[in-house]
Structures are given as structure tokens and as C-alpha cells.
There are 2 protein chains.
Amino acid sequence: MKTILSDFIKLRRKSLHLTQIELAKKSGVGLRFIRELEQGKETLRLDKINQVLALFGHEAGPVAMRRGFEQDR
Amino acid sequence: MKTILSDFIKLRRKSLHLTQIELAKKSGVGLRFIRELEQGKETLRLDKINQVLALFGHEAGPVAMRRGFEQDR
DNA sequence: TGATTTTATACCATAAAGGGTATAAAATCA
DNA sequence: TGATTTTATACCCTTTATGGTATAAAATCA
């Protein structure tokens, strides 16, 4: 599945030419977590997500559901 | 602790004159979850958070860390 | 004030997330 | 093309988030 978060992470990671392995190490989460995150798994823990987002200067917050629109990339 | 998410939920809930119990029922999550969410617990599951945010027309997404600023209320 | 509602804290049980790892699939590139 | 890198899938094990509940604290209001 594709989510606002998975899209964001994947785009940012690639724009920095990082592999999933590198992102996992840099953010301090497991490799499997990065994969599940980029694949849009919903039942993830917020603190782990924030660990990754922090690398890109972001955090998880409330975003209006303008369906079909994407913001902040 | 106070987070961008806890603040948002608490404000929105109160603006609709809902109790935590009512919000829990409406969103389909446990009462204890609502409490932990409003108290800023970090290790919460994303899908549960989104269940609550959906009631307010929002979802969890990447938000730039403009520390000290709040957005979207 | 006291009575009532609302919120906070603490405990138990269960389901599942997360890390690690091994293998398969796919993408990249010489 | 084939070789190498990257990503995806599947499994085991440990930790813990969640729901429920019971009680305490705090807030609300007559």
C-alpha cells in the first residue's frame, strides 16, 4: 500500500541516494521496519516513524485529508 | 508530555464538547488509548492514531519540524 | 461546599510489532 | 547478457502496545 508517509520516506531516501540499509542504520531502526514503512504498513509505532522522519527534518503530525493531494515534498 | 498530536487531539475533542469516553467510542479505540494519546505517549500505533484523526478529517503525515511553531489547528 | 462528571494511574491478559536473519525476487549496471 | 546490489518475503523470538477494568485524583457545577 501507498501512504502519505511511505511516499514521503521513499522519496526523501532516494533523493539522498541512500539504501534502505543505510537509512535503517542512520535512523536507528531495524531494516525490516524501514521496509514495512516504505510499503505503507499501517500498524507501525509512532516513535519509530519519528526516528526516521527526524532525519529529514520532519515529524508525524496531523495533516488534513485532502484526498488525492500530496503536501510537503 | 505535550506533542503536536496530543495538542491537536485534545483541542479538537474539546471544541466538539466530547469526553474521552465518547471520543473512544466514536473512533473505535480503547479509552486508555485516547488517554495515552492525549498525554503524548510516543510509542503508539499509527493505525490507532489515524482512527482518531479521521474523525477530525485528518491523518498522520510528515510535518516539518518548525520547533515551537504549531500548524493546522 | 459536596455531589457528579471527567480524567489519570495501575494492573492483567493477549495479540502483534520489531529486530534479526535467511532466502527470493528485482533492479542496476558493467 | 551475467554479476552485483538493492529490495521483498518469510520465519523465530522477545518485548510491549492495547483493551479492559478498578481505583484515585481532579475538574465541573449545583
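The sequence lines fix the lettering, A, B, ..., with proteins before strands; numbering per chain opens at 1.
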Return the value, rounded to whole Å, for the distance between atom [atom1] of [X] and atom [atom2] of [N].
X: Leu23(A); N: dT5(D); atom1: CG; atom2: P; value: 20 Å
X: His17(B); N: dT5(C); atom1: NE2; atom2: P; value: 18 Å
X: Met1(A); N: dA8(D); atom1: CE; atom2: C1'; value: 17 Å
X: Glu22(B); N: dT6(C); atom1: CD; atom2: P; value: 7 Å

**Q.** For Asn50(B) against Ala60(B), the heavy-atom pair lying closest together
**A.**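 Closest pair (atom of Asn50(B), atom of Ala60(B), distance): OD1-N, 2.8 Å.
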Q | Least distance between heavy atoms, Lys41(B) atom then Leu44(B) atom | A |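 Closest approach of Lys41(B) to Leu44(B), heavy atoms only: O-CD1, 3.4 Å.
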Can you tell if the side chain of [X] reaches within under 4.5 Å of the side chain of [Y], non-hydrogen atoms only?
X: Leu53(B); Y: Leu5(B); result: yes
X: Ile9(B); Y: Pro62(A); result: no
X: Leu46(A); Y: Thr43(B); result: no
X: Thr3(B); Y: Glu42(B); result: yes
X: Ser6(A); Y: Leu37(A); result: no

Establish, with yes or no, whether the OP1 or OP2 oxygen of [N] is under 4.0 angstrom from a side-chain nitrogen or oxygen of [X].
X: Arg32(B); N: dA22(D); answer: no
X: Gln20(B); N: dA8(C); answer: yes
X: Arg35(B); N: dT21(D); answer: no

Q | Earlier contact from the 5' end, DNA chain D, for Lys10(A) and Phe33(B) | A |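 Closer to the 5' end of DNA chain D: Lys10(A).
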Q: Determine the interplanar angle of the His58(A) and Phe8(A) rings, folded into 0 to 90°, and report it as parallel if under 30°, tilted if 30 to 60°, perpendicular if over 60°.
A: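 Geometry flag for Phe8(A) against His58(A): tilted rings.
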Q: Report the C-alpha distance between Glu38(A) and Arg13(A) in whole Å, list the side-chain angles of each, state the deciding distance to 0.1 Å, and finish with yes or no for salt bridge (Lys or Arg N to Asp or Glu O under 4.0 Å).
A: CA-CA 10 Å; Glu38(A) 290 198 355; Arg13(A) 176 174 65 79; 2.6 Å; yes
(Q) Reading 5' to 3' and counting Watson-Crick or G-U wobble pairs with both distances under 3.5 Å, write the dot-bracket notation for DNA chain D, | for bases paired outside the strand. (A) ||||||||||||||||||||||||||||||
Q) Among residues 36-53 of chain B, which contact DNA chain C at a heavy-atom distance under 4.0 Å? A)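 Close to the strand are Gln39(B), Arg45(B).
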